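By convention here, the first residue in the shown sequence is residue 1. Nothing here was measured: the structure is a model prediction, and the numbers come from that model.
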Amino acid sequence: MKRLFSIGLALVTITAMLASCAPAAPAEQEAPAPTEAPAEQEAAPTEAPAAEAPAAPEATGPQGTLRVALPTEPSSLYIPTTPDKISDIAASQLYDPLVFQNSAGEIVPALAESWETSEDGTVWTFKLRQGVTFHNGDPFTADDVVATWEYGISETSSWPEKYTIASNVEKVDDFTVKVTTDGPKPLLLVTMHDFWSIIPKKYMDEVGVEGFLQKPVGTGPFMFKEWVKGEQLTYVANPNYWQKEYPKAAELVFRFIPESATRVAAIQQDEVDIVTRLSAEEAESLKSAEGVNVIQYQVPRIYYMAFNNLSGDEKSPIRDPKVRQAMNYAVDVDGIIKALFAGNGQRAAGYVASSELGYGIVPPFPYDPEKAKALLTEAGYADGFEVGMACPTGVFAAFEEVCQAVVSNLGDVGIKVNLEMMESGAFWDLMVKKELPELNGDSWADESGESYNRMAGALGGMNAGYSLWTDPKIDEILNNISSELDREKRKALYEEIQVYMQENPPFIYMYEPVTFEATRDRVTGYTPRPSEMLYLYDTGVTP
């Protein structure tokens, strides 16, 4: 069966997340009442029918193997050290956070059954779910929540800013935790959903982070079984999962398939069940494939070329805002979208996606090479200059070609770019170390409905693992956003920062994509997320 799904995934506002007590998890639907059997016909057959074999009992519990193709191999299965979405997808199947953001964008209970906040919004008290066990049999308690936070803010973490959103986490009793913040934090719950995947304190203390990376343990729907480097990652269903109706698959296999054409062939030949991040051309080719469904949807993701002012020459031309503006005018983003994505996507207006709070205050930079040359002349670089640039390979659709197009466009206005394509794990490792060149290709998605986490992550200076830029004015506005509970006031702050970031761009703003995926017909319950994140607890396969 061949069909094309076009999915519009609406993001709910973050205001709903600030309720003093989370909504109860949705109740299971009741099974429909059986219909009455039809009355027997009055006329009896002349011969007694042969006895029918008894019907086989309906299968219960997880069934089958769900096979997912990944474009790169995960760099880590421990959330505080996952550098990219691919690693996050692989890791997240093993854990549960305190709260979970469902596919409708609602924050619902997970390992925390309920919570309440103080009147000033700075103290959150979470009542924990009892009777939950980790994959190794350890019971889940408040000690594990405290340990998750402590390890998250430690030097072993690549995302300390996602945990320092709380100034303190303390145990009240075995099943009560108090989280304190240094002011109201409207994005606390969604940050917990994204990053606070609970780990077992006793086990982590025994094996350390390095040991944990070799055999991760969580409370999640799947348990780690085997990692064959360069080939695949295998999980099995957690038989003691606290959500008894999940997971749906008995086994989950992530296959590492770097070549895009090979991933396409794998789903055509029924070797995998789900393939993500297809190009528009690949998606088109799969529409006629037997047993394959093609899915497309808009993603609140920004692709960009990041300037680096945390390392390198302080007298570099990229330190001049006129030069950075010129480089934005020099890149033909609409041409790139048309040539490489068959027109599927739109030029980013800044670092706020079109579905996010505050979008629309600034227009995109137009393609204007003459304007770019004039700005370069004003800045004292009429003859251009030379700059280094790095881009990760294999992780984003057609991104190698995007980076090459940027090099060509910048060359047209006199800027010589020395491009280095890097394996994605090495790229993000150098980013954490602040050792990348002056210009770097990257992308950041978010499913919160706001761009704060994206901005804080990429513009947080030395305090953010995956940031290459610092600016006191940006710091000031982001700090105000992080503590402003009023939605309209937060919207105004997002508008203010967008105006500033056009005058002083920390990026060459590229595009918002339409993403394409494909699934086999046997896949059930698969729900794409606007951030391209996969939570596969409710995804199954038919025999």
Q: Flag the pair Tyr78 / Met204 as yes when at least one side-chain heavy-atom distance between them is below 4.5 Å, and no otherwise.
A: yes

(Q) Under a 3.5 Å distance rule, please check whether Arg454 uses its side chain to pair with a backbone N or O of Val352 as donor and acceptor. (A) no

Q) Hey, does Leu111 have a side-chain heavy atom less than 4.5 Å from the side chain of Val145? A) no

Q. Does the Arg324 side chain pair with the main chain of Ile318, one donor and one acceptor, at a distance under 3.5 Å?
A. yes

Q | Spacing of Ile497 atom CD1 and Tyr351 atom OH [to the nearest 0.5 Å] | A | 11.0 Å

Q. What's the spacing between Asp88 CG and Leu77 CG if we round to 0.5 Å?
A. 10.5 Å

Q: Classify the ring geometry between Phe385 and Tyr381 as parallel (under 30°), tilted (30 to 60°) or perpendicular (over 60°).
A: perpendicular

(Q) Within a 6.0 Å radius of atom CG on Asp383, are there more than 12 heavy atoms belonging to other residues, nucleotides or ligands? (A) no

Q.
To the closest 0.5 Å, what do you measure between CG (Asn328) and CG (Asp368)?
A. 12.0 Å

(Q) Determine whether the aromatic ring centres of residues Tyr329 and Phe365 are separated by less than 6.0 angstrom. (A) yes

Q: Applying side-chain contact (heavy atoms from CB on, under 4.5 Å), run through Phe507 and Leu459 and close with a yes or a no.
A: CA-CA 10 Å; Phe507 312 109; Leu459 298 169; 3.5 Å; yes

Q) Quick one: does Gln325's side chain have a donor or acceptor within less than 3.5 Å of a partner on Glu503's backbone? A) yes

Q | Residues Lys85 and Glu532 bridged, charged N to O under 4.0 Å | A | no

Q) Do the side chains of Lys201 and Val146 get nearer than 4.5 Å, heavy atoms only? A) no

**Q.** Residues Glu170, Lys178: salt bridge by 4.0 Å N-O rule
**A.** yes

Q. Would a distance-only check, ignoring hydrogens and angles, find a side-chain to backbone donor-acceptor pair under 3.5 Å from Glu496 to Ala492?
A. no

Q.
Using every non-hydrogen atom in the two residues, find where Thr181 and Ala166 come nearest and quote the distance to one decimal.
A. CG2-CA, 4.1 Å

Q. Under 4.5 Å between any side-chain heavy atoms of Ile481 and Tyr494, yes or no?
A. yes

Q: For the residue pair Asn102 and Glu106, confirm or rule out a side-chain donor-acceptor distance under 3.5 Å.
A: yes

Q: Tell me, yes or no, whether the heavy-atom count around Lys371 atom NZ, taken from other residues, nucleotides or ligands under 6.0 Å, exceeds 12.
A: no

Q) Closest heavy-atom contact between Pro513 and Gln298? A) O-NE2, 3.3 Å

Q) For the residue pair Phe396 and Tyr303, does the interplanar ring angle fall in the parallel (under 30°), tilted (30 to 60°) or perpendicular (over 60°) class? A) perpendicular

(Q) Quick check: closest heavy atoms across Ser482 and Pro186, and the distance to 0.1 Å? (A) O-CD, 2.9 Å

Q.
Quick one, Glu161 with Asn463, criterion side-chain hydrogen bond (donor to acceptor under 3.5 Å, both in side chains). Give me CA distance, side-chain angles, the key distance, then yes/no.
A. CA-CA 7 Å; Glu161 73 276 13; Asn463 294 324; over 6 Å; no

(Q) Set out, in order, the CA-CA distance, both residues' side-chain angles and the distance that settles side-chain contact (heavy atoms from CB on, under 4.5 Å) for Asp446 and Glu356, then state yes or no. (A) CA-CA 9 Å; Asp446 198 285; Glu356 293 173 335; 4.1 Å; yes

Q) What heavy-atom pair brings Trp159 and Thr81 nearest, and what distance separates the two atoms? A) CD1-N, 4.5 Å

(Q) Determine whether a donor-acceptor pair (N or O, by modelled atom type, separation under 3.5 Å) exists between the side chain of Trp444 and the backbone of Ser451. (A) no

Q.
Ignoring hydrogens and geometry beyond distance, is a side-chain donor-acceptor pair present between Asp182 and Ser167 at under 3.5 Å?
A. no

(Q) Testing the basics here: between Ser531 and Ala445, what is the closest heavy-atom pair and its distance to 0.1 Å? (A) O-CB, 3.7 Å

Q: Search all heavy atoms of Tyr163 against all heavy atoms of Gly152 and return the closest pair with its distance.
A: CD1-O, 3.3 Å

Q | Working for side-chain contact (heavy atoms from CB on, under 4.5 Å), residues Leu128 and Val177 | A | CA-CA 8 Å; Leu128 306 183; Val177 170; 3.8 Å; yes

Q.
Between Asp144 (side chain only) and Thr141 (backbone N and O only), is there a donor and an acceptor less than 3.5 Å apart?
A. yes

Q) Going by heavy atoms in the side chains, are Lys338 and Asp334 under 4.5 Å from each other? A) no

Q. Between the main-chain N or O of Thr180 and the side-chain N or O of Lys185, is there a donor-acceptor pair closer than 3.5 Å?
A. no

Q. From Glu378 CD over to Lys322 NZ, what is the distance, rounded to the nearest 0.5 angstrom?
A. 4.5 Å

Q) Are Lys433 and Asp429 close enough for a salt bridge, meaning some N to O gap below 4.0 Å? A) yes

Q. Donor-acceptor pair, Ser157 side chain versus Ile153 backbone, under 3.5 Å?
A. no

Q) Going by atom types only, do Glu512 and Ser354 share a side-chain donor-acceptor pair under 3.5 Å? A) yes

(Q) Any side-chain to backbone donor/acceptor pair from Ser87 onto Thr82? Under 3.5 Å, distance only. (A) no

Q: Walk me through it: do Tyr297 and Glu517 pass the test side-chain hydrogen bond (donor to acceptor under 3.5 Å, both in side chains)?
A: CA-CA 9 Å; Tyr297 55 95; Glu517 301 179 355; 2.6 Å; yes

Q. Do Gln296 and Leu278 come within less than 4.5 Å of each other through their side chains, counting heavy atoms only?
A. no

Q.
Rounded to the nearest 0.5 Å, what separates atom CG in Leu468 from atom CG in Leu310?
A. 6.0 Å

Q: Assert yes or no for the condition that the ring centre distance of Phe341 to Tyr511 is strictly below 6.0 Å.
A: yes

Q. Where does the angle between the aromatic ring planes of Phe212 and Tyr95 fall among parallel (under 30°), tilted (30 to 60°) and perpendicular (over 60°)?
A. parallel

Q: Could you walk me through whether Lys127 and Glu113 pass salt bridge (charged side-chain N to carboxylate O under 4.0 Å, His left out), step by step?
A: CA-CA 6 Å; Lys127 292 294 184 181; Glu113 289 186 317; over 6 Å; no

Q: May I ask you to check if Arg529 and Tyr535 form a cation-pi contact, with NZ or CZ under 6.0 angstrom from the six-membered ring centre and within 45° of the axis?
A: no

Q. Please walk me through it: do Tyr500 and Asp471 pass side-chain hydrogen bond (donor to acceptor under 3.5 Å, both in side chains)?
A. CA-CA 11 Å; Tyr500 180 80; Asp471 182 313; 2.8 Å; yes

Q. Do any N or O atoms from the side chain of Gln93 and from the backbone of Ile89 form a donor-acceptor pair under 3.5 angstrom?
A. yes

Q) Going by heavy atoms in the side chains, are Leu493 and Tyr452 under 4.5 Å from each other? A) no

Q | Worked verdict on Asp475 versus Thr470 for side-chain contact (heavy atoms from CB on, under 4.5 Å) | A | CA-CA 8 Å; Asp475 291 344; Thr470 186; 4.0 Å; yes

Q) Just wondering, do Trp115 and Val99 contact through their side chains at under 4.5 Å, heavy atoms? A) yes

**Q.** Straight-line distance of Gln404 CD to Leu419 CG, nearest 0.5 Å
**A.** 6.5 Å

